[in-house]
Amino acid sequence: EDRRPLLAWSEMILEAHAKSATVLDVTWKGEEGHGTGPTRKFFEKVAAEFASAKENEVCRLWRDVGDADREGLFPAELPEDNEQRTAVLRRFRHIGLFIAKALQQEQKPGLFLARPLLKLVLGDEVGFDDV
């Protein structure tokens with residue numbers, strides 16, 4: 001029985017399907033059914049893990065998870081330590097694959113990202129009104 005943590009499992013799945021338009025059809029062990037509902041549940045659970053304070057302690061991606069419900073998630077500074085930096089960059093790649101697959105499948109990624117971060121990703125200017 002594979003008891004791999006959800007984020008490790010999702011990273012493995014998303015990496016395996018990163019270069020293809022394969023549609024994920026998630027089935028949860030011990031539950032009946034597959035298709036849109038369980039797949040939506042997968043995206044919701046993974047998004048919740050990415051945004052959790054517990055995961056942010058393990059791999060510090062976000063500035064302040066406590067304000068995320070109000071302000072959205074914004075990346076923390078990259079760590080000086082090379083091993084920690086590598087872990088953070090790997091996690092951001094995982095998030096990118098996750099968001100890409102969610103959008104490809106017309107699912108809501110479920111991550112509440114801060115407005116300034118979204119503007120930066122889109123190449124827009126960030127002003128004081130955005131903060």
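Values reported hereafter were calculated over all heavy atoms of this structure, with side chains retained and with hydrogens, waters and symmetry mates removed.
- Heavy-atom minimum distance, A47 versus P109: CB-O, 3.3 Å.
- Placement of L113 and V121 within a single hydrophobic cluster is found when ILVMFWY residues are connected by side-chain heavy-atom separations under 4.5 Å, directly or transitively.
- Nearest heavy atoms, P38 versus V26: CB-O, 3.2 Å.
- Between the CD atom of Q105 and the CG atom of D25 there is a distance of 8.5 Å, given to the nearest 0.5 Å.
- With a 4.5 Å cut-off on side-chain heavy atoms, L97 and K101 do not count as touching.
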side-chain contact (heavy atoms from CB on, under 4.5 Å) between V23 and T39, intermediate numbers included: CA-CA 10 Å; V23 174; T39 302; over 6 Å; no

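- To the nearest 0.5 Å, atom CD of residue E77 and atom CZ of residue R60 are 9.0 Å apart.
- Once rounded to the nearest 0.5 Å, the distance linking NZ of K119 with CG of L117 reads 12.5 Å.
- Atoms CD and NE2, from Q104 and H17 in turn, are 10.5 Å apart once rounded to the nearest 0.5 Å.
- Ring planes of W9 and W28: tilted class, angle from 30 to 60°.
- Judged by distance alone, with hydrogens and angles left aside, the side-chain atoms of R85 form no donor-acceptor pair with the main-chain N or O of E80 at under 3.5 Å.
- One hydrophobic cluster, built from ILVMFWY side chains closer than 4.5 Å, cannot hold both L61 and F112; they sit in different ones.
- No continuous path of hydrophobic side-chain contacts links V58 to L7 [ILVMFWY only; heavy atoms under 4.5 Å].
- With a 4.5 Å cut-off on side-chain heavy atoms, H94 and L14 count as touching.
- Scanning all heavy atoms of the two residues, the minimum distance from L6 to E49 falls at CD2-CG, 3.9 Å.
- In this structure, the separation between CZ on R90 and CD1 on I95 is 13.0 Å, given to the nearest 0.5 Å.
- Taking the six-membered ring where the residue is Trp, W62 and F92 present perpendicular rings, their angle passing 60° and hence far from 30°.
- What you find for D130 and E125 is that their closest heavy atoms are OD2-O, 4.0 Å.
- Contact detail for L111 and F50: the closest heavy-atom pair is CD2-CB, 3.8 Å.
- Remark: K108 NZ is loosely packed, at most 12 non-hydrogen atoms of other residues, nucleotides or ligands lying under 6.0 Å away.
- In this structure, E57 CD and E55 CD are separated by 9.5 Å, a value rounded to the nearest 0.5 Å.
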Verdict with supporting geometry, V88 and Q84, side-chain contact (heavy atoms from CB on, under 4.5 Å): CA-CA 6 Å; V88 166; Q84 290 174 352; 5.5 Å; no

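- Within the 4.5 Å cutoff, the side chain of Q107 has heavy atoms near those of the T36 side chain.
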